[in-house]
Number of protein chains: 2
Amino acid sequence: MSTDDTNGEAPRRVRIEDVAAQADVSVATVSRALRGLPNVAASTRRRVVDVAEQLGYQPDPAAARLAAGRTNTVIAIVPHLGSWYFSNVVAGIEAVCTQAGYDVLVIGADEPSRVDRLIDERAQLDRRADGVVLVDLPVASELAESLVRRRVAVATVGWRVGDHPAVVLDDPAVGALAAEHLLHFGHRDLGVIGGDLDPIAFEVPERRLRGFREQCQRYGVDVAAERIVGGGFRLDGGYAAMAVLLEHDPPTAVFAMSDEMAFGALMALQERGLTPGVDVSVIGVDDHEFAHVVELTTIRQNVVDNGAAAARALLAAIQDPRTTTGDAEPAEAETPTFSLVARSSTGPLNGHRADRTLSSRLP
Amino acid sequence: MSTDDTNGEAPRRVRIEDVAAQADVSVATVSRALRGLPNVAASTRRRVVDVAEQLGYQPDPAAARLAAGRTNTVIAIVPHLGSWYFSNVVAGIEAVCTQAGYDVLVIGADEPSRVDRLIDERAQLDRRADGVVLVDLPVASELAESLVRRRVAVATVGWRVGDHPAVVLDDPAVGALAAEHLLHFGHRDLGVIGGDLDPIAFEVPERRLRGFREQCQRYGVDVAAERIVGGGFRLDGGYAAMAVLLEHDPPTAVFAMSDEMAFGALMALQERGLTPGVDVSVIGVDDHEFAHVVELTTIRQNVVDNGAAAARALLAAIQDPRTTTGDAEPAEAETPTFSLVARSSTGPLNGHRADRTLSSRLP
DNA sequence: GCGCGGAGTGTAAGCGCTTGCAGTCGCTTC
DNA sequence: GAAGCGACTGCAAGCGCTTACACTCCGCGC
């Protein structure tokens with residue numbers, strides 16, 4: 001073997017000790033200087049920082065974790081990594097945490113068995129992370145409790161547990177806004193898509209439905225139980241649900257609890273030669289990227305921001321010293337905003353108009 | 001303070017030492033027994049495993065990492081966490097790695113600056129993970145090299161670096177298949193959407209274009225340069241590109257290099273009252289969940305599998321002892337498959353038919 | 001009957017940091 | 001002018017594992 005082997009010379013890592021020697025101080029001082037701790041003379045800190053910079057020193061995370069008992073890591077647990085909503089939440093979490101110097105571990109809780117495994121104390125999430133963001137996982141409230149007991153900060157998105165920071169859309173208000181929009185157009189025969197639960201238990205549908213119905217009642221309108229059709233939160237569910245609604249005594253307007261379901265609903269309409277917004281109005285929630293392709297009226301929320309807000313609140317909780325003593329103020333996270341985005345998938349009752357097409361208008 | 005404080009009694013963690021004491025062996029034996037190392041009597045192992053189980057012992061990852069120099073962690077670096085394609089790749093990676101007992105760290109390389117920061121050796125990815133999956137990040141080839149130099153396994157998705165395991169769709173063949181499909185329908189005036197590069201450099205477009213053109217040449221068809229329009233890989237890009245194509249001497253069929261772009265293209269068509277598959281045929285790539293909503297003909301690939309395959313190859317490389325010695329066989333990953341999914345967004349040249357609608361047929 | 005080898009186990013030295021505690025030193029404070 | 005006090009810094013003890021090496025048996029071969 002010659003020495004010019006491509007794999008040779010894995011550069012020896014520079015340790016804190018090297019920095020200490022070079023800067024002519026103790027390792028303790030290096031550690032303090034580099035982490036901005038007090039009680040380091042400005043001149044010393046300068047020197048240490050310079051040396052560290054010059055040597056390209058960076059502390060070994062594993063050693064730091066072991067010694068300090070902090071991991072500088074955040075875990076994001078989501079029901080399904082590949083879905084539009086969750087991946088955007090994760091994107092928000094990642095952006096904030098990485099920015100703050102935290103590593104982000106992701107866990108997909110696709111199968112119930114994986115949630116169980118996490119709830120089992122042995123998952124030892126507490127040794128892996130300083131904080132956990134639980135996204136739409138009410139089934140995991142046990143998990144949350146056990147984490148908190150072990151001094152791991154918890155923040156949630158889409159549901160609440162205890163008084164930990166939570167980013168939760170005002171779902172009843174969203175439901176009400178959707179209702180208001182449809183009612184305002186004169187619709188009185190209303191349908192709802194997305195009322196029931198996934199294997200992964202959502203609290204969201206129930207809340208949106210409640211707000212929707214309450215608003216209807218203000219107009220003296222009742223939503224018949226047969227007109228509330230569930231089917232998960234995905235496209236196929238929306239398609240199937242709309243098919244059911246159309247089968248018998250179809251409503252003139254439908255509230256789909258997510259854009260993905262709304263897309264499925266539109267599909268079912270088109271298949272029958274019905275024009276959204278003319279024959280049947282459809283309103284969704286999310287303002288998914290494709291909503292404006294199919295001209296879907298929807299209630300916009302900023303999903304990435306939701307994740308980011310949760311992450312910020314989580315980091316605040318982690319860094320709040322009171323957290324450790326158990327009497328921390330519940331660090332409340334910002335409440336997400338939402339707004340109606342009107343497009344052509346909704347329209348006035350009996351609004352049949354020849355010039356109306358499914359065409360798009362780009363922003 | 002009474003003792004029934006909710007926050008009291010953080011249960012003392014059980015350490016390897018406790019297991020050792022309880023099982024009446026040394027910590028070394030516990031370590032060996034639990035990790036399935038040889039030179040442990042079957043009876044001893046049993047006992048140790050039982051005790052560990054009973055005590056709910058789980059090694060502290062930080063300590064294990066520090067001592068062993070392995071992290072049992074994999075990093076997934078993707079250009080954008082929120083996008084459909086990448087989040088599904090990540091889902092595949094996560095599923096495989098979690099299954100194998102590895103933690104998965106995600107990093108979004110949205111901004112070029114973040115890539116730069118990673119390339120800087122100081123990111124110390126090597127101390128954070130045993131392996132890294134780089135998804136569609138040719139700009140990061142330096143990063144890859146430096147990782148390998150530091151004994152971190154590397155696998156890629158969508159591009160190759162050195163002879164490390166890579167999951168790369170046969171893009172020229174995909175391009176050719178798309179061309180074949182359109183040519184077969186009699187189209188000769190062809191357009192291409194997606195030819196150029198994102199800020200994040202893709203190699204993919206070029207390869208698909210090459211295959212597309214070669215196939216065309218076999219039919220004696222030439223694709224005019226003006227008919228090759230770029231615009232990122234997202235929906236808006238597709239919309240804008242189609243608008244350009246339609247502006248002057250429109251093609252009768254268009255190959256969009258991703259479904260998202262194809263959706264944008266469809267949008268541009270509808271806006272002009274043109275019917276996809278009748279007035280202009282459009283074919284995409286991916287078989288995105290929504291492709292069948294809009295009846296988009298596409299070339300399907302299984303994105304989750306791509307991620308999973310990369311992860312499997314990465315883990316194999318990590319576990320292959322030869323990796324450390326530098327003379328490992330390049331662990332080749334499986335090649336992804338793809339197939340044409342014909343829907344109504346493509347149709348024969350001059351196929352104007354009154355009975356043709358944009359309706360959907362569910363599988 | 002003695003030496004040997006291998007299986008099984010224990011000892012102890014780290015891995016590279018963090019941090020409580022104990023100085024050291026130069027100034028105030030009475 | 002002695003005691004006290006802060007501001008800095010260093011010492012050294014871990015953090016909870018892994019693993020090289022040493023050791024103890026026990027069965028076998030000659």
Side-chain angles (χ1 to χ4, degrees), chain A residues 10 12-49 51-52 55-73 101 124 126-128 130 150-151 321 324, chain B residues 10 12-49 51-52 55-73 101 122 124 126-128 130 151 321 324:
Chain A
R12 203 179 69 70
R13 291 203 173 87
V14 18
R15 293 160 309 168
I16 195 171
E17 198 177 284
D18 304 320
V19 178
Q22 183 85 12
D24 199 35
V25 290
S26 68
V27 295
T29 299
V30 175
S31 175
R32 287 188 280 249
L34 259 25
R35 287 178 306 137
L37 264 40
N39 285 338
V40 176
S43 60
T44 308
R45 172 162 289 142
R46 254 194 95 74
R47 188 153 33 92
V48 170
V49 169
V51 171
L55 263 43
Y57 169 74
Q58 206 76 15
D60 180 312
R65 280 163 202 181
L66 180 57
R70 286 176 257 98
T71 61
N72 266 264
T73 300
Q124 304 243 250
D126 55 324
R127 304 224 201 166
R128 295 179 142 54
D130 302 331
R150 289 157 169 268
R151 307 269 139 89
T324 331
Chain B
R12 204 180 68 71
R13 291 204 172 87
V14 19
R15 293 161 309 169
I16 194 171
E17 198 177 281
D18 304 319
V19 178
Q22 182 86 12
D24 198 36
V25 291
S26 68
V27 294
T29 299
V30 174
S31 175
R32 286 189 283 247
L34 259 27
R35 287 179 306 136
L37 264 40
N39 284 339
V40 176
S43 59
T44 308
R45 171 162 291 143
R46 254 193 95 74
R47 188 155 34 92
V48 170
V49 169
V51 171
L55 263 44
Y57 169 74
Q58 207 74 17
D60 181 310
R65 278 164 202 179
L66 180 58
R70 285 176 256 98
T71 61
N72 265 266
T73 300
R122 314 221 174 133
Q124 303 243 250
D126 54 325
R127 305 226 198 164
R128 294 181 140 58
D130 301 332
R151 307 269 139 89
T324 332

### Query
Looking at the side chain of A/V27, which of C/dT18, D/dC17, C/dT9 is the nearest nucleotide?
C/dT18

### B/E17 CD to B/Q22 CD distance, which is reported to the nearest 0.5 Å
13.0 Å

### Query
Does A/S26 or B/A63 map to a spot on DNA chain D nearer the 5' end, using the closest nucleotide for each?
A/S26

### Query
Does the C/dG10 base have a donor-acceptor partner in the side chain of B/R32 within less than 3.5 Å?
yes

### Task
Calculate the interatomic distance between A/D24 atom CG and D/dG10 atom P; express it in whole Å.
8 Å

### Task
With the side chain counted from C-beta on, respond yes when A/L34 and A/Y57 share a heavy-atom pair under 4.5 Å apart, and no when they do not.
yes

### Query
For the side chain of B/Y57, counting heavy atoms from C-beta on, which of D/dC17, D/dT9, D/dG10 is nearest?
D/dC17

#### Entry: Candidate nucleotides D/dC8, D/dC17, D/dT18, ranked by approach to the side chain of A/N39 - the nearest
D/dC8

### Query
C/dT19 phosphate, OP1 or OP2: any side-chain N/O from A/S31 under 4.0 angstrom?
no

### Query
Could you state the CZ-P distance from A/R128 to D/dC17, rounded to the nearest angstrom?
12 Å

### Summary
On DNA chain C, more 5' by nearest nucleotide between B/A68 and B/V40 is B/V40

### Query
Rounded to the nearest Å, what distance is computed from the CG atom of residue A/L34 to the P atom of nucleotide C/dT18?
9 Å

### Task
Just compare C/dC17, D/dT18, C/dG10 and give me whichever is closest to any side-chain atom of A/R15.
C/dC17

### Task
Round to a whole Å and report the spacing from CZ of B/R45 to C1' of C/dA7.
13 Å

### Query
Can you name the closest pair of heavy atoms from A/V19 and A/V14 and give their distance?
CG2-CG2, 4.3 Å

### Query
If you look at every strand shown and take non-hydrogen atoms under 4.0 Å, does A/R70 touch a base, only sugar-phosphate, or nothing?
sugar-phosphate

### Summary
Whole-Å distance, B/E17 CD to D/dG14 P, equals 12 Å

### Task
Indicate whether OP1 or OP2 belonging to C/dG16 is found under 4.0 Å from a side-chain N or O atom of B/R127.
no

### Task
Please check the phosphate of D/dC15 (OP1 and OP2 only) for any side-chain N or O of A/R65 closer than 4.0 Å.
no

### Query
Closest to the B/L66 side chain: C/dT19, C/dC15, D/dT18?
C/dC15

### Any side-chain donor near an acceptor of the partner, A/S31 and A/R35, under 3.5 Å
yes

### Message
The side chain of A/D60 is closest to which nucleotide in this list: D/dG16, C/dT9, C/dC17?
### Response
C/dC17

### Message
How many whole angstroms separate atom CG of A/L55 from atom P of C/dG16?
### Response
15 Å

### Task
Rounded off to whole Å, could you give me the CZ-to-C1' distance for the B/R35 and D/dG16 pair?
13 Å

### Integer-rounded Å distance: C/dG16 P and A/D18 CG
10 Å

### Task
Could you tell me whether A/R127 and B/D60 have a side-chain N and a carboxylate O separated by less than 4.0 Å?
yes

#### Entry: Pair B/D126 + A/R13, salt bridge at N-O below 4.0 Å
yes

### Task
With DNA chain D as reference, determine whether B/A28 or A/T29 sits nearer its 5' end, using the nearest nucleotide of each.
A/T29

### Task
Would you tell me if any nitrogen or oxygen in the side chain of B/T44 comes within less than 4.0 Å of OP1 or OP2 on C/dG8?
no

